[in-house]
Amino acid sequence: MTITTQKPLVRIEGLHKYFGPHHVLRGIDLTVNQGEVSVVIGPSGSGKSTMLRCVNLLETISAGRISVGDQLIGYREVNGRLHDLKVREIAAQRREIGMVFQRFNLFPHKTALYNVMEAPVQVKGKSKGDAKKAALELLDRVGLADRANHYPAQLSGGQQQRVAIARALAMEPELMLFDEPTSALDPELVGDVLNVMKDLAKSGMTMIVVTHEIGFAREVGDRLTFMDGGVVVESGDPREIIANPQHARTKEFLSRVL
Ligand code: ADP
Ligand code: MG
């Protein structure tokens, strides 16, 4: 349940995104409180990935603003004027945000352990000993303690995705973004990944999750947002929206994925 005294961690306000003449995001507003799980659904091409990529600085913003904590994403505000961030500052903002993609993007020639250790050592300057200890704990947390020395090709898709989650968590992000993390998996592997995400939600992590797993939205979501055509059509309590969608487009979409 959302408690009204909770603090917003993420504020997306009037977000627009153009790719050339193509107006992909048309004024998105979304607030995610600290510790909340915000689930986003919508048909293919509705702009879900683009929205996440704007939050994570993988795309520039055409108009509007995004803030995470007290940071304005992509900009620095000096005397009311916005300045573009330097590459180093973009990297610093991105470090605070973990992202898990549909495809696992692990380094194929490195073990699970190395995949999880790499960024804390290379980017954060952690000692190898500390990074290894933390990585083994994270692999244990995602149920893969016994797979630390396996290479990605020796792991199932679901195991690879759990390594990808551990790798994102190794950077100790304040926010985790998930872009259809289970949609490339065989059905029997989906549950293990969703269980890891449920545990993460219970631990208090703030998460934005793009998924078609309506059961996950119902069970762990604090908010459900339905996007279509680059706008938010409907947003609110997941259980209410699933049971009683207000808009024809939401109803039609849910009837296809339920
Ligand atoms: P979703 O994740 O909801 O399926 P996307 O955010 O991936 O939607 O895409 C929204 C729209 O933006 C689509 O029409 C897609 O073709 C377009 N789009 C996404 N990325 C780019 C890009 N880099 N260049 C041009 N068009 C893009
Ligand atoms: Mg997408």
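Counting convention: from 1, in listed order, for ligands and their atoms alike. Because the structure is predicted, anything quoted here is derived from the model rather than measured. Worth knowing before you read on, the calculation uses all heavy atoms, side chains too, and leaves out hydrogens, waters and symmetry mates.
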**OP:** Tell me which part of His22 gets within contact of ligand 1: side chain, backbone, both or neither, using heavy atoms under 4.0 Å.
**Re:**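 The side chain, only.
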Original post:
Heavy atom under 4.0 Å from ligand 1: found in Val24's side chain, backbone, both, or neither?
Top reply: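 The answer is the side chain.
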Original post:
Do we see a donor-acceptor contact under 3.5 Å between the side chains of Ser49 and Asp179?
Top reply: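 Checked: Ser49/Asp179 side chains pair up, N/O donor to acceptor below 3.5 Å.
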Original post:
Does any donor atom in the side chain of Glu234 or Gln246 lie under 3.5 Å from an acceptor atom in the other side chain?
Top reply: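 No, no side-chain donor-acceptor contact under 3.5 Å.
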Nearest neighbour in protein (non-hydrogen) for [atom]:
atom: atom 7 (O) of ligand 1; answer: Ser49 CB, 3.7 Å
atom: atom 27 (C) of ligand 1; answer: Phe19 CD1, 3.3 Å
atom: atom 9 (O) of ligand 1; answer: Thr50 OG1, 3.8 Å
atom: atom 3 (O) of ligand 1; answer: Lys48 NZ, 2.7 Å

Salt-bridge contact [X]-[Y] (side-chain N to carboxylate O under 4.0 Å):
X: Lys124; Y: Glu172; answer: yes
X: Lys198; Y: Glu219; answer: yes
X: Arg141; Y: Glu137; answer: no
X: Glu252; Y: Arg256; answer: yes
X: Arg223; Y: Glu36; answer: no

Ignoring angles and geometry beyond distance, decide whether [X] reaches within less than 3.5 Å of ligand 1 through its nitrogen or oxygen atoms.
X: Gly47; result: yes
X: Ser46; result: yes
X: Gly45; result: yes

**OP:** Would you verify that at least one protein heavy atom lies under 4.0 Å from atom 15 (C) of ligand 1, or report that none does?
**Re:**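 Within 4.0 Å: no protein heavy atom nearby.
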Original post:
Counting each atom of ligand 1 from 1 as listed, which ones have a heavy atom of Pro43 under 4.0 Å away?
Top reply: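 Taking each heavy atom of Pro43 in turn, ligand 1 has 3 (O) under 4.0 Å.
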Original post:
Under 2.8 Å from the Mg ion (ligand 2), is there an N/O/S atom belonging to Ser49?
Top reply: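 Checking Ser49: at least one N, O or S atom is under 2.8 Å.
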Original post:
Under 6.0 Å between the ring centres of His247 and Phe253?
Top reply: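 Distance test on ring centres: not under 6.0 Å, no.
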